[in-house]
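Right, one structure below, let's go through it.
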Amino acid sequence: VQLQASGGGLVQSGGSLRLSCKASGFSVDNYPIGWFRQAPGKEREGVSCVSSNDGSTSSTDTVKGRFTISRDRARNTVYLQMNSLKPEDTAVYYCATDFEARCSVSSLQNYYAWGYWGKGALVTVSS
């Protein structure tokens, strides 16, 4: 099981970025994918996730209406489109999966329940 996040970078406040999470060793059709982030000096927090079965999504209130998670089955990749970025969105963003996890707001609040993690992608939003 491998996850590779990419697409991070430096963007001005109000700008947009799209992160990609390429999965290998398993299908994104079969297991949920979650996006999490960790700002300097802060605990890792959940952002958004997409379910394996019906592709339904959940997001935390801090990003709802600004971030959109989606998946491309053909590319076995999950995306996180981030719009209206704010300086407080600055963090290292990680994608994760777990064979026992379910996509929900509560699961996003328990990052330790997700067992497989990719290397992060740094997103920096300047004011």
Side-chain angles (χ1 to χ4, degrees):
V1 173
Q2 286 192 324
L3 296 165
Q4 180 63 54
S6 61
L10 174 64
V11 64
Q12 288 189 333
S13 181
S16 298
L17 277 177
R18 188 178 78 159
L19 301 180
S20 300
C21 176
K22 172 68 175 174
S24 57
F26 72 101
S27 171
V28 297
D29 280 351
N30 297 329
Y31 299 105
I33 300 291
W35 280 101
F36 297 79
R37 67 187 183 184
Q38 188 164 18
K42 295 190 176 181
E43 192 174 15
R44 192 167 297 189
E45 64 174 356
V47 176
S48 297
C49 58
V50 57
S51 297
S52 57
N53 48 1
D54 61 1
S56 59
T57 63
S58 294
S59 295
T60 55
D61 287 343
T62 53
V63 304
K64 199 169 290 185
R66 299 189 298 125
F67 292 10
T68 303
I69 189 171
S70 63
R71 67 181 178 182
D72 184 329
R73 292 173 168 177
R75 290 181 168 83
N76 212 32
T77 299
V78 172
Y79 302 99
L80 184 69
Q81 177 66 43
M82 305 184 294
N83 298 328
S84 302
L85 282 161
K86 306 174 182 180
E88 51 264 44
D89 294 318
T90 294
V92 177
Y93 284 72
Y94 301 88
C95 55
T97 191
D98 193 88
F99 301 156
E100 302 294 330
R102 297 291 182 267
C103 174
S104 66
V105 172
S106 62
S107 71
L108 288 171
Q109 294 170 341
N110 297 299
Y111 70 88
Y112 43 84
W114 298 69
Y116 297 92
W117 294 82
K119 291 183 180 180
L122 176 63
V123 172
T124 304
V125 184
S126 64
S127 57

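- Cluster annotation: L85 is connected to V63 through the hydrophobic network of ILVMFWY side chains, with a link wherever side-chain heavy atoms come within less than 4.5 Å.
- Scanning all heavy atoms of the two residues, the minimum distance from A39 to T90 falls at CB-O, 3.6 Å.
- From Y116, atom OH reaches atom CG of L3 across 10.5 Å, with rounding to the nearest 0.5 Å.
- In this structure, F99 is a member of the same hydrophobic cluster as V28, with clusters built from ILVMFWY side-chain heavy atoms closer than 4.5 Å.
- If you chain together hydrophobic residues whose side chains sit under 4.5 Å apart, V50 and L80 fall into the same group.
- Cluster annotation: V1 is not connected to Y111 through the hydrophobic network of ILVMFWY side chains, with a link wherever side-chain heavy atoms come within less than 4.5 Å.
- Rounding to the nearest 0.5 Å places CZ of R102 at 10.0 Å from OG of S107.
- Side-chain contact annotation: S104 with S58, donor-acceptor N/O pair under 3.5 Å absent.
- Taking both residues in full, the closest heavy atoms of I33 and C95 are given as CG2-CB, 4.4 Å, listed atom of the first, atom of the second, then distance.
- Placement of V78 and F26 within a single hydrophobic cluster is found when ILVMFWY residues are connected by side-chain heavy-atom separations under 4.5 Å, directly or transitively.
- Within the model, atoms NZ of K22 and CG of D72 stand 8.5 Å from one another, a figure rounded to the nearest 0.5 Å.
- Considering every non-hydrogen atom in both I69 and T57, the closest pair reads CG2-CG2, 3.4 Å.
- Put simply, the residue from W117, Y112, Y94 that forms a ring-ring contact (aromatic ring centres under 6.0 Å, His included) with F36 is W117.
- N110 places no side-chain N or O within donor-acceptor distance of the main-chain N or O of A113, the cut-off being under 3.5 Å.
- Of all non-hydrogen atoms in W114 and C49, the two that sit nearest each other are CH2-CB, 4.3 Å.
- When the shell of 6.0 Å around CD of Q2 is examined, it contains 12 or fewer heavy atoms from other residues, nucleotides or ligands.
- Note that CD of Q81 and CG of L17 are 8.5 Å apart. Values are rounded to the nearest 0.5 Å.
- Taken from OG in S127 to NZ in K86, the straight-line distance is 14.0 Å, to the nearest 0.5 Å.
- Nearest heavy atom pair, residue S59 against residue V105, reads O-CG2, 3.8 Å.
- Sorted by first and then second residue, the side chain to side chain donor-acceptor pair (under 3.5 Å) pairs involving residues 27-42 (not counting sequence neighbours) are D29-R73, R37-E45, R37-D89, R37-Y93, Q38-R44.
- Side-chain N or O atoms of S84 include none that pairs as donor or acceptor with a backbone N or O of G14 at under 3.5 Å.
- Judged by distance alone, with hydrogens and angles left aside, the side-chain atoms of D98 form a donor-acceptor pair with the main-chain N or O of E100 at under 3.5 Å.
- Counting heavy atoms of neighbouring residues, nucleotides and ligands inside a 6.0 Å radius, atom NZ of K64 exceeds 12 of them.
- Of all non-hydrogen atoms in A121 and L19, the two that sit nearest each other are CB-CD2, 4.4 Å.
- Between R18 atom CZ and S6 atom OG the span is 9.0 Å, to the nearest 0.5 Å.
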